[in-house]
Amino acid sequence: MLSFPELQVQERAIARRPTAFPYIPGLLSFREVPTVLAALERLKTLPDLLLCDGQGIAHPRRFGIACHIGWLTDLPAIGVGKSRLVGQHAEVPEHKGDWTPLQHQGETIGAVLRTRATTKPLFISPGHRISLETAIEYVMRCTTKYRLPETTRHAHKLASEISAAQLEAELESQQMTLEL
DNA sequence: GCGACAG
DNA sequence: ATCTTGTCGC
């Protein structure tokens, strides 16, 4: 969890669970929501806004993981996808901050946003209690010099730190076994 | 039937 | 997502 607009780490929480559902495009929530909720419950303070790794309403049934998490927690949530699930869009202009609407079946479901020049754009869509315009604004203000917002970058870093630590622990126990 | 398909 | 070495561009 980061402060806004300073983007300084305020608190960290993590949860690890066995995979209980396969990855199926369109059904990502069933695989990841339980663990995300477990991590959120471990925070002492709840966030005022969630930037979720995946789609909001830019989903076949307009209910991606950001909608799911936002609905269950009643927290404002934004879908920040690294690639497209559904919808079509025009070529996105080349400069940071430029964006093009993402449309599907006659409606605008999100924005294809250039958070950094010369890199693939991000797929932004409302998840819960936020408009597309406001969502784009927050994503930009949470982004510095990289393609992904700082929130997502910190989350990935924490997750990899933990898995690396657990891998080391496993190797340690294997060494113990060999020595016996 | 064929192609597409968040993480 | 993960595997996986070097490498191309800002």
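Protein chains get the first letters and strands the later ones, always in sequence-line order, with residue 1 at the start of each.
Geometrically, Arg153(A) engages Tyr146(A) in a cation-pi contact defined by less than 6.0 Å to the ring centre and at most 45° from the axis.
Comparing Thr118(A) and Asp53(A) by the nucleotide of DNA chain C whose heavy atom lies nearest to each, the residue mapping closer to the 5' end is Asp53(A).
The phosphate of dA6(B) has neither OP1 nor OP2 within less than 4.0 Å of any side-chain N or O from Arg84(A). Distances shorter than 4.0 Å separate some side-chain N or O of Lys82(A) from OP1 or OP2 on dA1(C). In this structure, Ser83(A) does not reach the dC5(B) phosphate: none of its side-chain N or O atoms is under 4.0 Å from OP1 or OP2.
Atom P of nucleotide dC5(B) and atom CG of Leu27(A) are separated by 16 Å, given to the nearest angstrom. Per the geometry, CZ belonging to Phe21(A) stands 16 Å off C1' belonging to dA1(C), to the nearest Å. Atom CD1 in Ile24(A) sits roughly 15 Å away from atom C1' in dA1(C) (whole-Å rounding). Per the geometry, OH belonging to Tyr146(A) stands 21 Å off P belonging to dG9(C), to the nearest Å. Note: NE2 (His156(A)) to P (dA1(C)) measures 6 Å, nearest angstrom. dG7(B) atom P lies 10 Å from atom CD1 of Ile65(A), rounded to whole Å. Spacing between atom CG of Leu148(A) and atom C1' of dA6(B) amounts to 13 Å, rounded to whole angstrom units. One can place CZ of Arg61(A) at 12 Å from C1' of dC5(B), the figure rounded to the nearest angstrom.
Using a 4.0 Å heavy-atom criterion, one finds that Gly64(A) contacts the bases of the nucleic acid, with or without backbone contacts as well. Note on Gly79(A): nothing from the nucleic acid sits closer than 4.0 angstrom, heavy atoms only.
Stacking of the aromatic ring of Phe123(A) onto the base of dA6(B) is not found under the criterion of centres within 5.5 Å and planes under 30°.
Shown here for His89(A) and Val112(A), the closest heavy-atom pair between the two residues is CG-CG2, 3.5 Å. Contact detail for Glu11(A) and Lys44(A): the closest heavy-atom pair is OE2-N, 2.5 Å. Of all the heavy atoms in Lys82(A) and Phe123(A), the pair that sits closest is C-CD1, 4.2 Å.
Note on Glu161(A) versus Arg12(A): salt bridge recorded, some NZ/NE/NH1/NH2 to OD/OE distance being below 4.0 Å.
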